[in-house]
Amino acid sequence: MLARLFLIAGLSAACSPFAFAQEPAQKPQSHMRRAIEQHDGFMQGGMHHAVAKGVLLNQKVDAATHTITLRIGPMNLPANTSHMKMPQPADLIWTIPLTGWLLSYHPHIVDASGNAVPGIVLHHVAFWNENRSDFLCPNKEEHIFGAGGELTEWAEIPGYGYRAQKDDRIRVETMIHNPTATSYDKAFLQIEVRYLDDTSPAPVKNFYPAWMDVASCGNSGYDLPAGPSEKSGTVGVKYDGILLGVGGHMHDYAQQITLEDATKKKNIATLQAKTDEKGLLLSMPVATFYSTGGEPLSAGDQLKITAKYDNTTGKLLRAGAMGIVVGYFVPANDAALAPLRHPAKSSAHHTHDMHNMKDMPNMSHDH
Ligand SMILES: [Cu+2]
């Protein structure tokens with residue numbers, strides 16, 4: 001059991017998940033299909049898609065197994081349809097059903113009868129806590145989970161969890177497409193979330209997702225020039241604490257991403273991208289530090305992130321790149337992060353603030 005929980009493997013592929021992947025689950029198929037699709041400049045905050053009608057989010061709490069099952073659907077997925085042509089689910093709200101800790105996420109896609117649907121039909125899904133600001137970039141909401149077509153798991157780290165409060169509003173952005181030749185009717189994105197509630201006898205320490213981006217606190221996507229290129233950004237740490245580990249999120253033609261503590265002049269992690277012979281991204285590795293007590297960060301430290309690409313297509317790829325190091329941060333003093341909590345904007349003034357938020361370029365991890 002422990003061995004399984006500690007099995008932390010590579011993160012995979014474009015537009016996908018981030019920290020602590022349990023299964024690389026690389027399907028050669030999906031990479032070929034990604035080559036066709038190519039992330040053609042879609043902006044989460046700027047572009048308008050047709051809205052898919054009737055897509056709902058349901059949750060079921062199983063207290064016996066400590067599992068919350070989220071189901072998003074039904075979604076109709078006609079064959080060979082890009083994300084721009086596909087009607088997209090509106091943002092949905094997952095209301096946290098209990099106070100406790102969220103430990104892990106296991107995403108998959110099924111049809112109405114429960115049969116598996118290829119994960120590649122998921123362009124990406126992102127969970128944002130509307131009740132909290134990000135601790136590194138308070139201009140953004142706290143981004144607590146993300147996944148792409150390879151449906152990478154976010155594995156449990158025993159003894160640690162994400163502190164969730166009953167009735168917190170988690171905004172769920174889902175983008176779908178269908179690069180395959182098969183149509184799927186009534187598909188559901190299903191995510192099993194393991195949790196512990198406050199009656200848990202085992203102590204759980206709070207971690208916070210840390211998104212350290214070459215775009216600093218701005219929009220994650222950027223134009224990828226032809227040939228070799230390098231982009232760096234910095235984010236400031238405002239709290240003492242430790243990093244438990246980091247993974248990386250890059251796109252096709254990635255070479256590597258590094259994280260350094262520029263203040264302490266220390267390299268924290270160098271993550272080499274694994275690509276196929278055409279440069280399409282296969283996976284990103286994960287570096288973990290928790291077995292040795294974590295990587296210490298201090299308030300005032302500047303973290304420098306550098307992403308290297310080699311775009312062999314010979315042309316600029318619009319919004320083709322991202323460079324994000326994603327990890328879990330455990331503050332020395334958890335109470336210091338309490339002021340990041342605030343009322344959810346979208347519940348207060350429904351239509352207006354929703355739109356304002358979506359139009360602010362800084363609010364989203366745009367693909
Ligand atoms: Cu991305």
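When a ligand or atom number is given, it counts from 1 through the structure's own listing order.
- Here Phe135 and Phe329 bring their ring centres to under 6.0 angstrom of each other.
- If you chain together ILVMFWY residues whose side-chain heavy atoms come under 4.5 Å of each other, Trp101 ends up grouped with Leu103, Leu196, Val204.
- Separation of atoms CG (Leu77) and CD1 (Ile120) is listed at 12.0 Å; rounding is to 0.5 Å.
- At least one N/O/S atom of His249, from backbone or side chain, sits under 2.8 Å from the Cu ion (ligand 1).
- Because the distance cut-off is set at 2.8 Å, Met322 qualifies as a neighbour of the Cu ion (ligand 1) through one of its N, O or S atoms.
- When ring centroids are compared, Phe207 and Tyr160 stay outside the 6.0 Å threshold.
- The Cu ion (ligand 1) is closest to atom NE2 of His251 (considering only N, O or S atoms).
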